Novice: 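I'd like to ask some things about the structure below.
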Amino acid sequence: MADQPEEVARLLEAIEALEVIEDDAACASAVTAVLNEWPAHHARLRKIRQRRVVALKESGKTWPQIGEILGVHPTRAQQIAKGLRGTKRPTKAAEE
């Protein structure tokens, strides 16, 4: 976990903090509040990633280089740049 950006570490620490709430009702309520907010943040994170992948490509990086940065196949990096969702994700219509 040491090689993760600070922001990733803080997010994971926040999840761990939820997990250790001793009161079951308080924990369940807090987690529910996070899950209720998650869809909007998930979409926002995808858009941030897409913009940055496009910027990497425009700066001269190749798809294999971008795939290496993201830890995905170069074809998936291209799909991300186009805003295409992975097959594991429900379709946008299913989310709405």
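Everything numeric here is computed off the predicted structure, so don't read it as measured data. Note: hydrogens, waters and symmetry copies are ignored here, and every other heavy atom, side chains too, is used. Starting from 1, each residue takes its place in the sequence as its number.
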Novice: To check you understand the geometry: which heavy-atom pair defines the closest contact between A77 and W63, and what is its length?
Specialist: O-CZ3, 3.6 Å
Novice: Please tell me whether I15 and W38 are part of a single hydrophobic cluster in this structure, the criterion being side-chain heavy atoms less than 4.5 Å apart.
Specialist: no
Novice: May I ask you to check whether over 12 heavy atoms, not counting those of N36, lie within 6.0 Å of atom CG?
Specialist: yes
Novice: Report, as yes or no, whether the 6.0 Å neighbourhood of atom CZ on R10 holds more than 12 heavy atoms from other residues, nucleotides or ligands.
Specialist: yes
Novice: Looking only at atom types and distance, does a side-chain atom of S59 sit under 3.5 Å from a main-chain N or O of L56, one as donor and one as acceptor?
Specialist: yes
Novice: Measuring from atom CD1 of I80 to atom CG of L84, what distance do you get when rounded to the nearest 0.5 angstrom?
Specialist: 9.5 Å
Novice: Are more than 12 heavy atoms, taken from residues, nucleotides or ligands other than R52, located less than 6.0 Å from that residue's CZ atom?
Specialist: no
Novice: Show the nearest heavy-atom pair for residues T62 and Q65, with the distance to one decimal.
Specialist: N-OE1, 2.8 Å
Novice: Looking at CD of E16 and CD of E13, how far apart are the two atoms once the value is rounded to the nearest 0.5 Å?
Specialist: 7.0 Å
Novice: Provide the closest heavy-atom pair for I21 versus A26 in the form atom of the first, atom of the second, distance.
Specialist: CG2-CB, 4.0 Å
Novice: Considering non-hydrogen atoms only, spot the tightest contact between I66 and K61 and give its length.
Specialist: CG1-CB, 3.7 Å
Novice: Atom CD of residue position E7 - does it have more than 12 heavy atoms of other residues, nucleotides or ligands inside 6.0 Å?
Specialist: yes
Novice: Just by distance, do the side chain of T32 and the backbone of A28 share a donor-acceptor pair under 3.5 Å?
Specialist: yes
Novice: Minimum heavy-atom separation for R85 and R46, please, with both atom names.
Specialist: NH1-NH2, 2.7 Å
Novice: Taking all atoms of both residues into account, what is the closest heavy-atom pair of L12 and Q4, and its distance?
Specialist: CD1-OE1, 3.6 Å
Novice: Drop me the distance from E22's CD to C27's SG, to the nearest 0.5 angstrom.
Specialist: 10.5 Å
Novice: Give, for atom NE2 of H41 and atom CG of L11, the distance between the pair rounded to the nearest 0.5 Å.
Specialist: 10.5 Å
